[in-house]
Trainee: 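What follows is a structure written as structure tokens; I'll ask about it next.
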Amino acid sequence: MKQQHIELPIVTNDGVFLAHYSEKGLAGLDFPKVGRASSRAVSAKQIPLEILRWHRTTGEALKAVLTVRAPKEMPPLDMTGTAFQKSVWAAMRKISLGKTKSYGEIAAGIGRPKAVRAVGGACGANPIPVLVPCHRVLAANKKIGGFSSGLDWKIDLLKREGIIC
DNA sequence: TCCGTATTGAACT
DNA sequence: AGTTCAATACGGA
């Protein structure tokens, strides 16, 4: 019994995101990539009804965040990672809309005040950007820092939320 | 075990 | 004010 790793596109005004689902929930989310002509056509029949339901929720939540609104509902997240990473991701999800935290604050929040760089590593390993608001985590002096899936997205999202000019 | 990392804060130009 | 440097925790090879 292989793990079905299903990819489904989410069409937004900002492009086509690609959601990855496992049998347990949303396992990943990719930013739109230029030049991805056609995501593989998946016949809707092959997709478990449960996943379609998650996908709908995911799409709503994603669009909500992209329009600077709090998601009303989140799909189950299947985040594979170490205990430390889960702590970091959980801490990041507590950041409310339009707010920011520094890596140091996240580290302190999970009881490891000096693990700031490790926090950065966990952010980079975050499989679900946007929904887990890793873009709201800035460096201590309010500098942007980095972003795995493209710094442009981070800046753009921060602009929408009025965090930066 | 060693290396890289989306950091940080202090010391030095 | 800009730059360099050491410290620190964790994950991957």
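Here is how names work: the chains are called A, B, and so on, in the same order as the sequence lines, proteins then strands, and each is numbered from 1.
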Trainee: As a quick check of understanding, evaluate side chain to side chain contact (heavy atoms under 4.5 Å, CB included) for A/I51 and A/I6, giving each step before the final call.
Mentor: CA-CA 9 Å; A/I51 289 186; A/I6 297 183; 3.9 Å; yes
Trainee: Please confirm whether the backbone N or O of A/A19 pairs with a side-chain atom of A/H55, one donor and one acceptor, at under 3.5 Å?
Mentor: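 Answer holds: no.
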Trainee: Mind calculating the distance between CZ (A/F84) and C1' (C/dC10) to the nearest angstrom?
Mentor: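 So the two atoms are 6 Å apart, to the nearest Å.
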Trainee: Which residues satisfy the side-chain contact (heavy atoms from CB on, under 4.5 Å) test with A/K99, sequence neighbours excluded?
Mentor: A/I95, A/S96
Trainee: Name every donor-acceptor pair, under 3.5 Å, that has one atom in a side chain of residues 155-165 of chain A and the other anywhere in the protein, sequence neighbours excluded.
Mentor:
{"unit_1": "A/D156", "atom_1": "OD2", "unit_2": "A/R160", "atom_2": "NE", "d": "3.1"}
{"unit_1": "A/D156", "atom_1": "OD2", "unit_2": "A/R160", "atom_2": "NH2", "d": "2.8"}
{"unit_1": "A/R160", "atom_1": "NH1", "unit_2": "A/D14", "atom_2": "OD2", "d": "3.2"}
{"unit_1": "A/R160", "atom_1": "NH1", "unit_2": "A/L66", "atom_2": "O", "d": "2.8"}
{"unit_1": "A/R160", "atom_1": "NH2", "unit_2": "A/D14", "atom_2": "OD1", "d": "2.7"}
{"unit_1": "A/R160", "atom_1": "NH2", "unit_2": "A/D14", "atom_2": "OD2", "d": "3.4"}
{"unit_1": "A/E161", "atom_1": "OE1", "unit_2": "A/G98", "atom_2": "N", "d": "3.3"}
{"unit_1": "A/E161", "atom_1": "OE1", "unit_2": "A/R136", "atom_2": "NE", "d": "2.8"}
{"unit_1": "A/E161", "atom_1": "OE2", "unit_2": "A/H135", "atom_2": "NE2", "d": "3.4"}
{"unit_1": "A/E161", "atom_1": "OE2", "unit_2": "A/R136", "atom_2": "NE", "d": "3.1"}
{"unit_1": "A/E161", "atom_1": "OE2", "unit_2": "A/R136", "atom_2": "NH2", "d": "3.1"}

Trainee: Heavy atom of residues 95-122 of chain A under 4.0 Å from DNA chain C: which residues?
Mentor: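 Residues of residues 95-122 of chain A that come under 4.0 Å of DNA chain C are, in numerical order, A/R112, A/K114, A/A115, A/R117, A/A118.
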Trainee: Contact class for A/F147 vs. all strands (heavy atom < 4.0 Å): base, sugar-phosphate, or nothing?
Mentor: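 Base contact.
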Trainee: Are there runs of at least three consecutive Watson-Crick or G-U pairs touching DNA chain B, with each pair's two distances under 3.5 angstrom? Give them by first number.
Mentor: B:1-5 with C:9-13, B:7-13 with C:1-7
Trainee: Which donor-acceptor pairs under 3.5 Å do the side chains of residues 116-123 of chain A make with protein atoms, sequence neighbours left out?
Mentor:
none

Trainee: Do A/V88 and A/I106 have side chains that get closer than 4.5 Å, going by heavy atoms?
Mentor: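 They are in side-chain contact.
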Trainee: Students often mix this up, so state it plainly: with edges at 30° and 60°, are the rings of A/F31 and A/F147 parallel, tilted or perpendicular?
Mentor: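 Geometry flag for A/F147 against A/F31: perpendicular rings.
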Trainee: For A/A70 versus A/L97, what's the shortest heavy-atom pair and its separation?
Mentor: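 Closest approach of A/A70 to A/L97, heavy atoms only: N-CD2, 3.9 Å.
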Trainee: At the 4.0 Å heavy-atom cut-off to chain A, mark where contacts on DNA chain B begin and end, going 5' to 3'.
Mentor: B/dT5 to B/dG9
Trainee: Is there a continuous path of hydrophobic side-chain contacts, each under 4.5 Å between heavy atoms, that joins A/V132 to A/L151?
Mentor: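 A/V132 and A/L151: one cluster.
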Trainee: Between atom NE2 of A/H20 and atom CG of A/L26, what is the distance when rounded to the nearest 0.5 Å?
Mentor: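 The distance works out to 9.0 Å.
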